[in-house]
S.K.: 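For reference, the structure I am asking about is given below.
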Amino acid sequence: MTDFFAGIPQLTYQGAEAESDFAFRHYNPDEIILGRRMEDHLRFAICYWHNFAWPGGDPFGGQTFLRPWFGNTMEHAKLKADVAFEMFRILNAPYFCFHDVDMRPEGADFAENTRNLEEMTEYFAAKMDAGGPKLLWGTANLFSHRRFMSGAATNPDPDVFAFSAATVKTCMDATHRLGGENYVLWGGREGYETLLNTDMKRELDHMGRFLSMVVEYKHKIGFKGTILIEPKPQEPTKHQYDYDVATVFGFLQRFGLEKEVKVNIEQGHAILAGHSFEHEIATAAALGVFGSIDMNRNDYQSGWDTDQFPNNTPEVALAYYEILRAGGFTSGGTNFDAKLRRQSLDAEDLILAHAGAMDVCARGLKAAAAMLEDGRLEAARGTRYAGWDKPEAQAMLASDLDSITADVIARGVDPQPHSGKQEKLENLVNRFM
Ligand code: XUL
Ligand code: CO
């Protein structure tokens with residue numbers, strides 16, 4: 001036990017009228033929603049990086065957080081893990097997620113990185129065996145170290161491709177060892193700053209080959225989890241190749257990987273791409289590649305990836321509505337890829353940020369489930385497309401332009417517009433919030 005969270009109790013569900021700050025008001029893991037426990041619907045994961053590795057910097061200033069585990073030794077890494085697993089327990093979190101660099105000290109070379117990662121993986125495994133949470137996903141940080149400044153798989157230097165591929169192998173091994181249910185690739189610096197120095201065709205080919213190698217390795221080691229790509233349109237590079245869900249799907253199809261790889265959709269990244277979160281989720285569901293979510297929002301005015309905890313129930317409800325319509329999570333879950341604001345210095349801030357976020361998600365899920373059970377939204381959608389249920393409409397899809405034209409003339413087809421009923425539907429949705 002460390003004393004970092006001294007005095008903070010383990011959080012339990014105490015209902016909306018709870019007095020204490022340290023309580024769940026809406027997140028009730030055992031409550032049954034649409035026949036499934038709330039915990040099994042939401043599948044919350046706590047991220048290692050923003051909570052335990054990020055020092056509180058912004059573009060104008062460095063570290064604001066003073067944490068006893070900041071430092072680049074194995075002792076620091078183990079203290080960090082001790083505190084992290086205490087936080088997982090306080091929050092009753094079923095899952096966590098990590099990058100290699102979050103959990104291990106940086107070594108002098110690849111071999112030392114690997115030794116450090118392997119030792120920390122065993123340290124984590126022991127904590128997980130002793131009742132800790134499960135691993136939702138692992139990933140490699142191929143964007144912070146200066147060697148990755150011009151990309152990883154898309155780097156002009158083949159040695160960086162090699163270093164990146166070898167690093168991903170070790171991270172997949174660690175994820176497999178810890179029973180991870182997914183493995184994520186966010187293309188941190190897979191993109192470019194200027195076309196003047198960039199061979200885009202070559203970079204895209206390399207990125208496709210890299211991903212194919214990841215899938216081949218997954219099968220080789222018998223990893224049963226899902227490989228996920230996390231789209232993002234820009235930041236850090238000006239043009240990120242995995243722009244959004246539709247772009248990633250086109251890329252997967254080009255390399256024949258659309259049945260092997262799914263997407264991890266982050267709310268803030270959707271916003272940066274000019275989409276809503278629910279648009280990205282619905283796109284992935286329609287294309288058969290919906291995997292998991294990073295539930296962290298951006299500031300709507302700043303235009304940056306601010307990684308804030310969710311605090312807007314209606315927004316979250318519309319996202320879970322699309323997830324429920326798609327059948328809910330399978331291997332995926334709700335990862336809070338969210339960080340405190342840099343003035344939130346206290347240990348309790350870490351706990352309260354997650355408690356609030358988990359409650360907001362629980363409220364959103366309950367509203368989404370109620371809308372589905374009510375059925376009026378789906379009925380209105382059904383009515384709008386009812387013409388397509390007729391056999392002649394289905395037959396038209398199997399015919400051709402000549403036959404359709406003949407039919408339009410023969411029947412004197414003269415379509416009359418119908419109201420889309422948007423405001424009526426928005427009013428209906430608001431009754432569930
Ligand atoms: C970056 C981001 C990452 C990925 C994992 O914007 O979201 O933290 O989730 O590398
Ligand atoms: Co993310």
Side-chain angles (χ1 to χ4, degrees), residues 43-55 57-59 95-104 117 135-145 148 151-154 164 167-168 170-172 174-175 180-191 207 210-211 214 225-245 247-248 261-273 275 277 280-281 284 290-299 302-310 319 332-340 354 357 361:
R43 297 167 57 82
F44 286 133
I46 310 284
C47 87
Y48 213 79
W49 49 103
H50 290 318
N51 293 302
F52 308 113
W54 178 62
D58 72 7
Y95 289 98
F96 72 103
C97 299
F98 70 82
H99 299 84
D100 51 349
V101 308
D102 313 327
M103 64 193 274
R104 59 142 174 82
L117 182 65
L135 176 61
L136 187 65
W137 47 264
T139 188
N141 179 326
L142 303 178
F143 44 89
S144 293
H145 194 283
F148 302 119
T154 62
S164 307
T167 300
V168 166
T170 63
C171 291
M172 290 177 76
T175 302
E181 300 189 20
N182 306 271
Y183 183 83
V184 164
L185 296 122
W186 168 57
R189 292 186 191 272
E190 312 297 22
M207 201 165 89
F210 192 97
L211 185 58
V214 167
T226 310
I227 305 287
L228 300 171
I229 295 213
E230 185 173 322
K232 187 173 183 182
Q234 65 258 324
E235 206 200 317
T237 72
K238 166 71 182 151
H239 300 273
Q240 298 273 130
Y241 292 136
D242 294 328
Y243 191 97
D244 61 1
V245 170
T247 310
V248 168
V261 178
K262 294 185 160 54
V263 286
N264 180 42
I265 304 170
E266 177 166 320
Q267 184 190 16
H269 298 180
I271 294 168
L272 283 179
H275 300 307
F277 195 21
E280 287 290 79
I281 294 167
F290 176 67
S292 199
I293 60 171
D294 276 6
M295 180 58 98
N296 40 284
R297 68 189 170 90
N298 285 358
D299 181 285
S302 74
W304 300 333
D305 183 11
T306 53
D307 284 328
Q308 291 175 243
F309 286 89
T334 303
N335 173 44
F336 297 114
D337 185 358
K339 56 178 178 249
L340 295 173
H354 285 90
C361 290

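When a ligand or atom number is given, it counts from 1 through the structure's own listing order. Since we're looking at a predicted model, the values are computed, not measured.
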S.K.: With respect to Glu266, which candidate in Ile271, Asp307, Asn298 satisfies the side-chain contact (heavy atoms from CB on, under 4.5 Å) definition?
M.R.: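 Only match with Glu266 under side-chain contact (heavy atoms from CB on, under 4.5 Å): Asp307.
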
S.K.: Can you name the residues that come within less than 4.0 Å of ligand 1, going by heavy atoms only?
M.R.: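 If the criterion is a heavy atom under 4.0 Å, then ligand 1 touches Trp49, His99, Trp137, Trp186, Glu230, Lys232, Glu266, His269, Asp294, Asp305, Asp337.
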
S.K.: Would you compute the distance between atom NE2 of His275 and atom CD1 of Ile281 and round it to the nearest 0.5 angstrom?
M.R.: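 It comes to 12.5 Å.
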
S.K.: Using a cut-off of 2.8 Å, find all protein N, O or S atoms closer to the Co ion (ligand 2) than that distance.
M.R.: Glu230 OE2, Glu266 OE1, Asp294 OD2, Asp337 OD2

S.K.: Flag the pair Met103 / Leu117 as yes when at least one side-chain heavy-atom distance between them is below 4.5 Å, and no otherwise.
M.R.: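 With C-beta onward as the side chain, the pair touches.
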
S.K.: Going by the rule side chain to side chain donor-acceptor pair (under 3.5 Å), which residues pair with Thr154 if we only count those two or more places apart in sequence or in a different chain?
M.R.: Glu190

S.K.: Atom CH2 of Trp186 and atom CD of Gln240: how far apart are they, to the nearest 0.5 Å?
M.R.: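 One finds 6.0 Å between CH2 of Trp186 and CD of Gln240.
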
S.K.: With sequence neighbours left out, what residues match Gln308 under side chain to side chain donor-acceptor pair (under 3.5 Å)?
M.R.: Thr306

S.K.: Spell out, as yes or no, whether a donor-acceptor pair under 3.5 Å connects the side chain of Asn182 to the backbone of Leu136.
M.R.: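 Judged by distance alone, yes, a pair lies under 3.5 Å.
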
S.K.: Can you measure from CG (Leu340) to NE2 (His354) and round to the nearest 0.5 angstrom?
M.R.: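 The CG atom of Leu340 sits 8.0 Å away from the NE2 atom of His354.
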
S.K.: I'd like to check Asp337 versus Trp49 (side-chain heavy atoms, cut-off strictly below 4.5 Å). Are they in contact?
M.R.: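 Yes, side chains in contact.
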
